[in-house]
Structure formats: structure tokens, C-alpha cells
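In what follows, a structure is listed as C-alpha cells, so that the remarks can point back to it.
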Amino acid sequence: MDVPELLSNILFLIGSVFFLAGTIGLLRFPDVYTRLHALAKVDNLGLGFTVLGLLIQAPGVLPALKLILIWLLALLASATANFLIAQRAFNRGIVPWDASESEK
Amino acid sequence: MLPGTDRMPDVIPWLILVPLVWASLAFLRGPGRGGRLALAGLAVQTGLAVKLAMQISISGVQSHAVGGWGAPLGIDLYADGLSAILLLLTQVVVLLLVVYARAYFIAHPEGVSYFWPLTGYLLAAMNALFLSADIFNIYVTLELLGLTAVGLVAARGGTESVGAAMRYLLAGLMGSGLFLLGVALVYGTYGTVSIAVLAPLIEAEAPSAVFVAVGAMLVGLLLKTALFPFHFWLPPAHGEAPAPVSALLSALVVKASFYLILRLWLQPFAPLVTTAAAQLLGLLGMAAILWGSAMALSQTRLKMLIAYSTVAQIGYLFLLFPLVTVTSQEAAESALQGGVMQVVTHALAKAAMFAAAGTVILSLGRDDIGGLGGVASRLPVSIFAFALGGITLAGLPPSGGFIAKWLLIDGALNSGQWGWVVVMISGGLLSAAYVCRVLRRAFLPMEAGARFNSPARALEWSAFTLALMSLLLGVRSAEVLILLGIR
Amino acid sequence: MNLNEALPLLVLGSSLVPGLIIFFLAETRFRLRTALNLAGAIIKLLLIGYMIWGVMDNQSYHFRHTVLPGLDLALKADALAILFVSLSGALWLLTTLYAIGYLEDSPHRSRFFGFFSLCVTATVGIAMAANLFTFFFFYELLTLSTYPLIVHRGTDVAIRGGNTYLAYTLTGSAVLLTGVVWLYDLLGQVDFTYGGTVASLGSEYDGQLKIIFVLLIAGLGVKAAIVPLHGWLPQAMVAPAPVSALLHAVAVVKAGAFGIVRVVYEVYGAEFSESLGVLPPLAVAAAVTIVWGSLRAIWQDNLKRRLAYSTISQISYIILGTAMLGLISTVGGVVHLVHQGIMKITLFFCAGNYAETLGVHKISGMNGAGRRMPLTSAAFSIAALGMMGAPLTAGYVSKSYLSEGAQQANIIWAEWVLTASGVLNAIYFLPILYRLWFKSQPPAWPRKHIQARGGKETAWLLLIPPLVTAAATLAAGIFSESNWSPLFWVKIIAVREYSP
Amino acid sequence: MSVLALDLLLVTALLWSGLQSLVSRNLFRSIVLFIVFGLFMALAWVRLDAPDLALTETIIGAGITGALLLNGVGQWHAKQRNKLK
Amino acid sequence: MILGAILWRSVLLAMLWCILAEGNVGSWGVGAISTALALAASLAVLPVGAIRFSPLGLVFFLIYFISKSFRAGVRVALLAVQPRLDIHPGIETVSLRLPNGVGRVILINTINLLPGTLVLGLNASTLQLHVLDMRSSIEGEIRIAEKRIAKMLGLSLDQS
Amino acid sequence: MSELALILAIFLLANLLVALLRVTRRPTPADRMLAALLFGTTGVALLLLLAYAEDAPVLVDIALTLALLGAVIGVAFVQRGWNQEREEENGRS
Amino acid sequence: MSTALLFPLTGAALFVMGVAGLLLQPHLLRKIIAFNIMGSGIFLILVGLGQRGGSPDPVSQAMVLTGIVVSVAATGLALALARRLLDLTGKMQLPVPGEDAARDGPDA
């Protein structure tokens with residue numbers, strides 16, 4: 001196993017860890033808004049690491065640029081959707097979870 | 001260059017292209033437009049179908065590879081006697097129905113919508129279906145046929161028609177889904193979908209997947225053909241549609257899937273079919289005859305009566321299967337001829353009956369059988385057409401239906417299956433009974449204060465021509481059956 | 001196609017073509033319609049005359065069209081066909097005349113005459129059918145073309161009668177069809193030939209042949225109104241008088257009887273039928289029908305109903321004659337085919353005259369009608385006497401041949417039946433004659449439909465036909481031994497049937 | 001071995017999302033799950049060496065069909081709301 | 001000026017196609033059509049002259065963005081996997097200085113990827129945020145993001 | 001060696017499944033919409049890993065489509081689908 | 001169990017689920033979903049069986065491609081009809097013949 005391959009495998013692993021964290025957050029967080037936080041931030045980072053890992057192995061410049069494009073696109077998509085969902089939920093009157101409230 | 005001339009001997013693709021072209025033109029011209037295009041297109045198509053029939057009777061089976069590619073990737077088209085008969089039948093019936101529909105939609109402009117383009121696409125799908133040489137292509141044409149037919153049923157737009165169309169669509173999707181499942185399993189087993197290649201591969205000791213496949217295809221097609229327990233969608237769909245559409249559906253569209261059952265039963269899957277399956281189909285056919293006739297007898301609306309009559313007549317077609325399965329060559333041949341004659345004559349007669357009923361309803365402004373009094377004297381030609389259609393359904397001479405019944409009974413006696421003779425005879429009597437139910441009302445005097453509009457002559461005479469053709473087929477059926485012999 | 005082939009088609013066409021044209025004529029084209037009708041009828045008679053001449057000259061007239069391989073539509077004019085064709089041709093002309101007078105003002109005349117012509121076409125087709133398939137073809141066409149005639153009036157009663165008629169006849173023809181197809185399946189083409197074709201099959205088919213025989217006779221028996229298949233006939237008498245006349249004398253019931261004659265002699269063959277043992281049951285059925293029809297006739301007060309039951313009884317004379325093996329009984333049976341036709345049509349014409357002129361439908365209302373309508377009543381009396389078998393009438397000829405035939409065949413009970421039937425005939429006809437001639441007229445007749453013109457008792461178109469047929473009844477009886485009588489012709493046929 | 005595990009997981013996902021989209025009592029959830037199902041189908045096509053199909057499935061199966069269904073359910077909900085008013 | 005902008009966009013889009021097609025020469029026919037269509041679409045959505053795009057600003061923004069989003073990811077991930085759920089979410093309202101348009105869209109997307117913030121809604125001059133941890137100040141972060149975006153697009157911030 | 005990528009792909013798939021299971025079980029429709037987000041990121045990562053593991057660059061294109069679609073579906077969800085009755089929306093997790 | 005049969009078997013299961021849904025679900029949108037799942041099941045069988053030899057099979061893939069397009073057309077038509085029914089009756093269910101169209105169904 002050569003160095004680039006090892007490196008990309010490590011990056012894949014890191015990405016997966018983020019994905020796992022995102023999933024855990026999704027399972028544990030108490031309301032829509034907090035779950036959105038988990039999804040938007042953690043999973044995108046996981047994807048970023050995966051793309052990074054692939055970039056190392058990319059056969060050329062153009063394929064590499066394409067990978068980056070995919071990442072940006074995914075980012076954009078998730079940010080937009082995030083905003084729309086949150087806005088809609090808020091407009092519809094879903095009250096955010098409050099730590100102090102739940103402790104009572 | 002005109003298609004059908006000597007410079008273009010290959011008429012097969014044109015039979016699919018011509019309706020596609022005029023349908024698209026009609027579509028571009030917008031709703032309600034395109035009657036004239038349809039008429040011209042059908043005239044050409046009829047010519048093509050005649051030409052094809054002649055080519056087949058002279059030089060045997062015709063085939064054509066689309067785009068010059070052969071199987072497995074290309075699409076093969078193929079026409080034998082049976083396809084030629086059905087193609088010819090389709091073009092002729094639709095030609096007359098087009099004449100009818102043009103007059104009908106003048107009187108009924110709100111129902112026309114996209115009738116013309118949809119009819120064109122339907123014809124293209126149907127012609128392609130009759131010409132397909134592989135079962136996957138058949139699936140595609142079957143599905144397209146179903147979708148266009150649903151579009152035609154829904155065109156009127158009321159709750160009943162849209163509901164009926166929806167029911168029809170779901171039944172059709174279910175049916176074609178089952179058919180496609182069969183295609184998938186057959187392909188998985190033999191690695192081909194071409195009927196010609198499959199035929200020698202299939203043997204009686206096929207893997208069980210093939211039996212499942214054949215079963216699924218059969219059930220799917222039965223659903224589309226509306227054989228007895230699967231008939232639930234047919235009466236609303238055929239009864240609610242505008243008269244030209246009802247005629248088109250009852251006369252031709254259900255026949256398309258019946259044609260497939262027959263073709264697959266006889267050609268590639270013959271080694272697999274069992275007497276028990278054939279008897280079961282026969283029994284279902286019998287049930288359809290009894291149930292359809294009973295329902296027809298109890299209907300209060302004219303078009304529903306005719307629609308239930310279609311249910312019964314479809315049952316009649318299925319009596320064919322016990323007679324062609326594991327019987328003597330002679331009996332099978334006779335029964336097959338009878339079955340095909342029944343298909344042809346029923347198509348002509350049913351188109352005539354729906355067309356005549358449409359004229360009657362248009363003139364009276366009502367659809368109940370109780371209000372038919374006086375029609376016999378006001379619309380003699382239409383009632384005559386209806387009665388002639390009824391004669392064909394009942395299988396009485398001199399109609400083509402009589403020849404069909406004769407041949408079927410001959411096949412049944414020849415194979416020693418007396419029971420089916422009784423069923424066929426009773427089926428004819430039951431048809432006579434419900435046709436008579438309409439006629440007796442028509443002969444009664446007109447109700448006081450009833451409204452009456454004189455219909456266009458084209459409405460009456462196109463129906464009459466259809467009925468007359470079904471009648472005259474009785475003395476000129478030899479030609480049809482010679483064509484059928486070419487396989 | 002030479003003339004000999006075309007002639008059977010022309011005979012058919014002479015009524016078919018006018019019929020089809022008439023369908024599409026406007027109601028008001030009275031003259032054209034009449035001209036077409038009469039021209040067709042006269043042309044038909046001329047063609048028939050030419051054919052009779054040719055048949056005597058040993059010409060043969062055949063037409064054949066192959067519908068399917070092994071299934072021909074074939075027509076021929078043999079002696080038996082000529083007998084029936086001439087009967088229908090002649091009576092069609094008379095009935096048409098009568099119908100023109102009868103229906104002068106009623107609606108839907110185009111429809112009526114169209115179907116009337118179709119009906120005659122079918123009858124002629126039945127007569128000339130050269131094989132069972134063709135026979136069946138026209139037999140059904142007859143059913144279909146008579147239905148609109150029966151329901152012509154459009155009243156509830158008429159339509160109910162028509163439906164009963166259709167239910168019976170269609171069921172009958174379904175049974176018949178089964179037998180026909182079965183026979184075709186065994187034999188291939190079943191042509192009518194002297195002496196029959198079935199015998200060639202061999203004895204292992206006897207069982208099947210018996211069943212087929214039963215199917216065929218049951219199918220034909222419906223139209224021939226053999227008890228218990230006769231239920232439709234009394235109901236169908238609601239049709240207009242010309243229709244009843246045609247139905248009872250020529251078309252429907254005769255078609256059934258004619259079919260039985262063809263089946264027994266020319267499909268099965270007289271000897272083979274006898275050896276198969278199927279004739280005695282047929283004879284018994286005929287006998288039962290004769291007696292039962294006569295008995296029921298006695299209790300009817302409606303004149304047309306009584307005549308209808310009389311028809312049921314009389315038709316079975318033909319069948320009885322056919323079912324008894326022997327030359328003489330055959331002659332008696334077949335000649336009755338003609339004689340009964342002439343007599344019964346006279347009776348119905350007269351019944352129509354009473355109804356249309358005086359409004360009398362019931363026998364109890366016929367008191368003194370003989371003095372009001374002497375010519376009609378005279379014709380009626382002649383025909384009624386003929387029915388009873390009085391000497392000098394056509395009925396006497398057929399009945400004497402029948403009883404002689406029964407003696408020859410050594411069937412004693414048949415003689416008793418014939419005698420008993422004669423007595424019963426007298427019981428139901430003589431009271432009518434008595435009322436006609438010897439009771440006094442009522443102060444007023446129920447209503448007057450048809451104005452008598454020129455001092456005649458009724459319209460001349462209604463009067464001529466019964467007088468002609470009554471004269472024919474007498475002529476056939478008095479000149480029975482002449483070369484032109486039906487009897488002479490029937491004797492030729494019978495000889496051929498027994499020595500193929 | 002891991003290929004089999006992937007396939008098994010994928011199959012489970014397919015069956016689960018398919019079943020859930022059919023039996024779910026909430027219509028909107030059904031449609032969400034149907035789109036999810038379509039995406040799993042795309043993955044299945046990938047596993048079956050049919051990238052063309054995967055592409056088609058994502059665009060047509062999940063995309064267009066999903067959008068059409070969402071449109072339908074949107075109208076349905078609007079109708080339900082009008083009815084409640 | 002306009003022509004220049006169009007040229008720039010064409011080149012960018014063509015490059016995009018090049019990336020998508022991975023330099024495949026055979027697909028240039030389709031690529032030309034797609035590029036033309038995309039150009040038309042971009043002109044319709046974003047008229048020429050609405051923004052003055054600064055490439056250097058983009059580089060700075062990207063660096064800023066990636067580093068922030070990395071931190072955000074790590075932080076939320078840590079929050080998620082901590083044994084005790086230590087979050088104190090709440091809603092905060094922040095004033096907004098970017099003008100309407102592309103800038104705001106980018107800002108919102110950026111905020112969504114910043115640590116612990118999520119946009120709930122916006123109107124003319126304020127932004128409603130959902131904050132994962134109310135204990136830390138959030139306004140400063142927003143101000144920085146606004147500044148970077150303004151610089152990248154050549155927009156001026158509303159100094160109210 | 002691409003074995004690790006494959007295993008990670010399985011791992012991501014499992015992650016995705018678990019997350020979807022949970023998300024679609026939540027009572028509020030807003031939660032269900034997270035499914036689109038999940039696919040937009042996890043699905044893309046999964047496809048990219050598969051492309052690497054199976055050495056099939058075509059899958060990269062599919063990932064691209066999926067990313068694009070994630071945005072479209074997300075918008076469609078919010079615009080069209082999410083119109084549930086009020087009582088459903090008051091629930092929290 | 002071999003991988004070769006895994007997808008066809010899944011396809012079969014999906015098919016059965018789809019058929020059941022198509023038959024049993026009253027709501028039209030669900031029926032449409034069920035139809036699509038049924039179709040996907042068949043496609044899986046088709047491709048899965050088509051490449052049992054191991055190598056991808058272009059013929060079966062071409063067929064499925066056609067099939068997908070056809071089923072989208074069908075779905076579109078079905079949805080159009082369903083929406084028309086919704087407009088007409090206020091429900092997304094098959095109207096029961098003879099029943100008052102305005103009556104609220106169980107899904108109301």
C-alpha cells in the first residue's frame with residue numbers, strides 16, 4: 001500500500017467518523033432545529049473528507065475539479081434545503097426545544 | 001412517394017408511422033381538430049393493410065427489421081395471416097368509426113377534446129402490437145395502447161368518466177405489470193424475448209420460473225381482456241365514454257390483448273399449456289357469458305347493456321381454448337378459425353351497436369332503455385344496424401357470427417367436448433335475449449312529449465355499414481380463413 | 001354462370017330485391033311499393049313456372065357457393081323443392097294482394113312489406129336448400145324476418161307474443177344447429193339426396209345418429225308446432241291477418257314440417273330411419289299433437305286462436321304421414337303440405353275479413369255473418385269442410401291417402417287417430433258454419449273498418465284471395481287425378497324417395 | 001464478503017423503504033419514503049452494473065415521479081384544508 | 001462591459017462543462033448547446049452589472065468558509081457524541097446589513113454552515129437565527145461573514 | 001486496495017438507513033424532510049466511495065446528479081408537499 | 001445464498017408488495033406509489049436475471065430503460081386523472097358507482 005492510498009483511506013475513515021457523528025446527533029438531538037444543525041454541518045464535513053480522500057487518488061485535474069464541484073453542489077443543496085426547512089418550520093409555529101424548560 | 005407502391009414494398013413500418021404522423025399533426029392543431037387528417041390517414045392505412053394482406057397471401061409471412069438491426073437489440077416486426085386479419089379489421093372498423101365520430105362530435109362538441117390525436121396514437125400502438133415479434137415490444141405497445149385508451153375514456157371529464165378511466169388505468173397497469181413480470185422471467189430463463197427464437201427453446205419440462213412467467217402473462221392479459229372475474233373495469237369504462245370511444249374500445253382494444261393470449265398460447269408457449277388451464281379458461285369464459293348476459297339483461301341504460309354484452313362476448317372467445325389445446329389437428333383448426341371469426345365479427349357488430357346506440361342517445365337525449373319507444377320508426381337505419389349487430393352476437397345466419405359459432409361447435413364436437421356446445425348455444429340465446437330487450441322497446445310507440453332530434457345521416461349509415469359487414473362476412477368468410485392459414 | 005345455375009338465385013332475388021328496396025322507401029310511396037311487390041311476386045311465379053317445365057323436362061337447377069371449405073351454400077330445384085316453392089310463390093302473390101288491402105292505412109308499411117318479402121325469400125330458400133347447412137341458414141333467416149312481422153302492431157300483447165315466438169324458435173334452432181353441426185362432423189357435407197346419405201356410416205354410429213335425429217326433429221318440431229313445442233303458435237296469432245295466414249299456411253310451420261320431410265327421406269332415408277327405430281316415436285308424437293291440437297281448438301272462442309290450434313293439429317298430419325313407412329302414407333303426408341296450406345290460408349283470410357269488415361274476432365259474435373258476407377263465408381265454409389276431410393275437397397284427398405297408408409303400414413292406431421281427429425275437426429268447425437249461416441244477425445256489428453265499395457261485402461283486395469284459394473281447395477280435390485294436381489306431383493316425389 | 005454485506009444492506013433498505021412507503025399511515029411520509037426508495041433503487045442499479053439505469057432512476061424515478069407525487073399531495077392537502085374551513 | 005461580462009461567463013460555463021465531461025472532446029456538440037442555454041439562464045437570473053465579482057475576495061471567502069465549516073462540523077460532532085447532551089438552544093435576532101439579492105442568499109447559506117447557527121427567517125433588515133448554544137455570542141461571527149461576502153461581490157454594507 | 005472504501009460504503013449505507021428510519025418515524029413533517037438532506041450528502045459520499053471501490057467513474061456522474069437532485073427535491077418538499085394539518089405540527093420530537 | 005439471486009428475489013418481493021398495495025390501498029396516490037414499486041420490482045428481476053452470468057447485459061438494461069420511461073408516462077397520466085378526480089369529488093379515491101360524489105370518504 002503506497003502513501004497516497006494510505007492517506008486517502010485515512011481521510012475516508014475520518015469522513016465516516018463525521019457521518020457517524022451526524023447520525024448520532026440526528027438520533028439524540030431533541031427537535032427539528034437542532035437536528036438540522038447536525039445534518040448541515042457534520043455530514044457536509046464528512047462528505048468533504050471523503051472528497052478530499054478521492055482527490056488524492058484522482059486521475060487528473062478535470063476529474064478532481066469535478067469532485068470539488070460535486071462537493072460544492074452538495075453543500076449548496078444542503079444549505080438551501082436547511083434554510084427552507086427551518087424557515088418553514090419556524091413560520092408554522094414549531095417552538096424550539098428549550099433546555100431549561102425540559103429540565104423542569 | 002406514396003407508401004404502398006411497388007417502389008416501397010415494405011408496408012409494415014408505415015402501418016405504425018402513418019397514424020403516428022397524423023396523430024401528431026392533429027395534436028399540434030389543438031383540441032377538437034384533426035378529423036379530416038384522421039380520415040385521410042385511415043384511408044391510407046386501410047390501403048396499406050389491404051396491401052399487406054395481399055402480400056401475405058401471395059408470398060407468405062412478412063417481416064421487417066426496424067432500422068436494419070436484427071434481434072436482439074433491434075426491433076423486429078412480423079406479420080402473418082392472423083396479424084393481417086386483425087390489422088385489416090382494425091383499419092376498416094376505425095375508418096368507419098372516424099366517419100361516425102366526425103358527425104358525432106359535431107353534435108357533441110364538448111366531448112371531443114383530444115379524441116383525434118389519441119385515436120391516432122392508439123392506432124399506432126395497436127398496429128405495432130399486432131406486428132411485434134418480441135414479447136418486450138409487445139409489453140411496450142400494450143402499455144401505450146392502455147394509456148391512450150384511458151385518455152380517450154377520460155376525455156369527457158365528468159366524475160363518472162374520470163373515475164371509470166382511473167379504474168381502467170389501474171387495471172391496465174396491473175395487467176401490463178404482470179405481463180412484464182412474465183417477460184422478465186422468460187428473459188431470465190432463455191436470454192431472449194423474440195417469439196421466433198423462444199418457440200423452439202420452450203419445452204414441456206421448462207423450469208418452474210417459466211411456468212410462473214406464463215401464468216403471470218396470462219393473468220395480466222386476462223385482466224386487460226376483462227375476462228370474467230377481471231371484468232370489473234370494463235362496463236364503466238366502455239359505458240361512460242362517448243359513443244365512438246366505446247365502440248373503439250369494445251370492438252378493438254380488448255381484442256388486442258385477446259390476440260396476444262391466442263398468439264402466445266399457440267406459438268411459443270404451446271408445450272407448456274395444459275388441458276386443465278384450457279378448461280379453466282373455458283369455465284371462466286362460461287362464467288363471463290352467464291354473468292355478462294345476466295347483467296346485460298338487468299341494465300337500465302342502453303350503453304351499459306352493450307358494455308355488459310361485451311363482457312359476455314369476451315367470455316365466448318375464451319371457449320376457444322379448451323378446443324385448441326391437446327385436441328386433434330382438425331378440431332383445433334376448426335375452433336381456431338371459429339374463434340378468429342368471432343373476433344372479427346364481434347368487432348364489427350359491437351362497433352355498429354355502440355355507434356347505433358350513440359345515435360339513438362344523441363337523438364333522444366337520454367340513455368335509458370325504457371325511453372326507447374318509437375325509435376324503430378324514427379331511426380330505422382340505426383335500429384336496423386343494432387339488430388343486425390345483435391344477430392351477429394347471437395350467432396344467427398346469415399351473419400359472420402353464425403359461421404364462427406358453426407366452426408366452434410364443429411371443433412367442440414370434433415374433440416368430443418359436448419359440454420362446450422351447450423355453453424355456446426346458450427351463449428347465443430342469451431345474446432338474443434338482451435338484444436331483443438332493446439328491440440322490443442324500440443318497437444313500442446313513442447312516449448308522449450318525448451324530445452327528438454334528427455341525427456346526421458353519416459351517423460346512421462356508418463353504423464349500418466359496420467353491421468352490414470358483420471352480416472355479409474357470413475357468406476364471404478372463406479377469404480378470411482385462407483389468410484388465417486398462413487402462419 | 002349459366003341460366004340453370006342462376007335460376008334458383010333469381011327465384012330468391014325476385015322477392016329479396018323488392019324487399020330490400022321497399023325497406024328504404026318512404027311511407028308515402030304507396031304505388032311504387034305496390035308495383036314492386038306485385039312485380040316481384042309475378043316474376044317469381046313466372047320463374048317457378050319455367051322451372052316446373054324444366055324439371056319435367058329433366059333439367060336440373062343447381063347453385064353452389066362455398067362459404068368455407070366443406071361448407072357450401074347450395075340451392076337446387078328438385079321435385080319436392082318445386083312443390084313447396086310453387087306453393088309459397090302462389091300464396092305470396094295472393095297474400096300480398098290481401099295485405100295491400102288489409103294494411104291500407106296502417107303505419108310502417110314499408111317495414112312490413114320489406115320483412116314480408118324477406119320472409120318469403122327465406123321460405124323459398126328453405127324449399128330449395130340442397131343441403132342441411134343451407135336449410136338451416138334460411139330457416140334462421142325466416143325466424144328473424146318473421147319476428148318484426150309478429151310484433152308489427154307494437155302493442156304490448158304483440159310484443160309479448162313476438163318474444164314468446166323468438167324464445168321458442170331460437171331455442172329450437174339452437175338444438176337444430178347442434179344436430180346439424182354434429183351430422184356435418186360425421187359426414188362432411190350433408191346434401192339432400194333421395195334415399196338419404198346417413199346409412200353409409202355403418203352401424204357403430206347408430207347411437208349417435210339416433211341422438212342427432214332427436215335433435216333435428218326437436219329443432220324442427222318447434223316451428224312445426226309438435227306438442228309440447230307448440231306454445232308460441234297461439235300467441236303469434238296476434239300478428240296482422242296476412243301474417244298469420246302466411247305463418248300458418250306457408251312460412252313458419254310449413255318450414256318445420258318440410259324440414260322433417262327432408263330429414264326423414266333425404267338425410268336419413270325412409271328405410272334407414274325405419275331400421276333405426278326412430279319413426280314410431282315420431283308417429284306417436286304426431287298423433288298426440290293431432291288429437292291434442294283438435295281438443296284445444298274446441299275450447300277457443302277467439303276465431304284466430306281456434307284456427308291456430310287447428311294448425312297445430314293439421315301440421316302433424318304431414319308428420320304422421322312422413323313417419324309411417326310406405327309409399328301411400330308418404331303421398332298423403334306430403335300432399336297435405338300443399339292442401340293444408342291452401343285451406344288454412346283461406347280460413348285466415350276469411351278470419352281477417354270478418355275482423356276488418358265487421359270487427360268480429362270471436363266465434364260467439366259471428367252469428368249471421370254468412371248473410372252479411374256471403375262470399376267470404378262461402379270460402380270459409382269450403383275450407384272448413386276441407387279441413388274436416390269432406391269429399392270433393394283437397395282435405396279429403398290427403399286424409400284418404402293417409403288412412404290408406406296407415407292400413408298399408410299396418411298401424412291400426414293411426415287410423416283411429418285420424419278418424420278421431422276428423423270427428424274433432426267437425427266438432428270445432430261445424431258450430432262456426434252453423435252460426436254463419438243459420439243464426440240471425442245481431443242488430444249492429446261491433447265496428448266497421450273497411451267501407452264496402454260498389455255494393456260488395458268488403459274491399460275487393462280482401463275478397464279475391466280467399467275466393468281463389470277456396471276454389472283451389474275444391475279444384476285440388478275434384479281434379480286430384482289430373483296431371484297438374486299437387487297429388488300427381490307428390491306421387492312422382494314419393495316414387496323417387498323410395499327407389500333412389 | 002463485504003460486497004455481499006453491501007448488497008444485503010441495500011436490499012434491506014429497498015424492502016424497508018418500499019414497504020414503509022406502502023403501509024405508512026401518513027401520506028406525506030409515504031411519498032418521502034417513496035423518493036428514498038427511488039434513490040435506493042439507483043444504488044441498486046449501481047450495484048447491478050447499470051449506471052445508465054441509475055442515472056435514469058435518480059432523475060426520472062425519484063426526481064420527476066417524486067415531484068409529480070409531491071405536487072399531487074400538495075393539492076390534496078389544500079383540498080383537505082378547504083374542506084375543514 | 002456587458003460583452004466582457006458575457007464573455008467571462010461563457011468561459012466559466014464552458015470550463016464547467018469541461019469539468020463535467022472530463023475533457024471528453026466528443027461531447028462538445030452537446031456542451032456548446034448546454035453552455036449557451038446556461039448562459040441565457042444566468043443572464044436572466046443575474047443581470048450583468050448587479051455585482052462586481054472579486055476573484056481575490058472569492059479565495060479569501062473560501063478559506064474563511066472552509067475553516068469555519070470545519071470548526072462547525074467538529075463542534076457539532078463533539079456535541080453529538082458527548083455523553084451528556086450539553087446544548088442550550090434558543091432564538092436570536094440579528095440586524096442585517098447586506099442589501100437584498102445574491103449576497104443575502106450566500107450569507108444565509110454561509111450562516112447555516114457556521115458553528116451553531118441556523119437561519120429561521122429574514123425580513124427587510126433583520127435575521128432570525130436558531131442558535132445551538134445561547135451562551136456564546138453570535139453577532140460577531142455574522143458581522144465577519146457579512147464583510148467577507150461584501151468584499152467578494154463588491155457590495156457595500158448598509159451602515160445603519 | 002479498495003476494500004476499505006467498500007466497507008466504508010456499507011457503513012455509510014447502514015448510517016443512512018438508521019438515520020432514515022429514525023427521521024421518517026418522527027411525528028412532524030419537518031423531520032421527514034431531513035431525508036432529502038440525508039441523501040444529498042450521505043448518498044453522494046456513498047456513491048463516490050462506490051465509484052472508487054468499483055473503479056467505475058460513471059458513478060461520479062450519478063453522484064453529481066444526486067447532489068443536484070437533493071437540492072431540487074429539498075425545494076420541492078418545502079414548496080409543495082409540506083402542508084400537513086396543524087395538529088401534527090405542534091409535536092416536538 | 002448467492003448474490004446473483006439476491007436482487008431478483010428482492011424484485012419479486014417488491015413486486016408482491018406493489019401488487020398488494022395496488023389492490024388494497026384506497027388512496028389513489030398510494031396506488032400510484034404501489035404501481036411504481038411494483039414496476040421497480042419487475043425491473044430488478046429483469047436486470048438481475050439478465051446478468052446472472054456475471055457480465056452486465058445491455059439488452060435487459062435497454063428494456064428497463066424503456067420500461068422506466070413508460071412507467072413515468074403512466075404515472076403522469078394516473079396523477080393527472082387523480083387530480084381531476086380530486087377536483088371533481090374532493091377525494092383521491094376511486095368513486096364508487098352510485099355513491100354520492102360529495103360524501104366524505106375515510107381519508108377526508
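Just so it is clear: chains get the letters A, B, ... in the order the sequence lines come, proteins before strands, and each one is counted from 1. Only heavy atoms go into these numbers, but all of them, side chains included; no hydrogens, no water, no symmetry mates.
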request  = Classify the side-chain pair B:Ser250/B:Thr310 by whether it contains a donor and acceptor separated by less than 3.5 Å.
outcome  = yes
message = Could you check whether B:Glu143 and B:Ser176, counting side-chain N and O atoms only, form a donor-acceptor pair closer than 3.5 Å?
response = yes
task = Please indicate whether B:Tyr190 has more than 12 foreign heavy atoms, meaning atoms of other residues, nucleotides or ligands, lying under 6.0 Å from its OH.
result = yes
message = Please enumerate all residues that pass ring-ring contact (aromatic ring centres under 6.0 Å, His included) together with B:Phe136, with sequence neighbours excluded.
response = B:Tyr139
task = Identify which of G:Leu23, G:Leu94, G:Asp57 forms the greatest number of heavy-atom pairs closer than 4.5 Å to chain B.
result = G:Leu94
task = Apply the test side chain to side chain contact (heavy atoms under 4.5 Å, CB included) to residues B:His238 and B:Val254: give CA-CA distance (whole Å), side-chain angles for both, the deciding distance (0.1 Å), then the verdict.
result = CA-CA 11 Å; B:His238 291 197; B:Val254 288; 4.1 Å; yes
remark   = residues 73-80 of chain G vs chain B, non-hydrogen distance cutoff under 4.5 Å, contacting residues -> G:Ala73, G:Ala74, G:Leu77, G:Ala78
task = Please assess B:Tyr78 against B:Ser132 for the test side chain to side chain contact (heavy atoms under 4.5 Å, CB included), listing each intermediate value before the final yes or no.
result = CA-CA 6 Å; B:Tyr78 162 98; B:Ser132 289; over 6 Å; no
query = Is it the side chain or the backbone of B:Leu147 that comes within 4.5 Å of chain G heavy atoms, both, or neither?
reply = both
ask   = Is it the backbone or the side chain of B:Val186 that comes under 4.5 Å from a heavy atom of chain G, or both, or neither?
value = neither
message = Please classify the contact of G:Met63 with chain B as side chain, backbone, both or neither, using a heavy-atom distance under 4.5 Å.
response = both
query = Is a side-chain donor-acceptor pair under 3.5 Å present for B:Ser298 with B:Tyr308?
reply = no
ask   = How long is the gap from CG on B:Asn137 to CG on B:Leu131, to the nearest 0.5 Å?
value = 10.0 Å
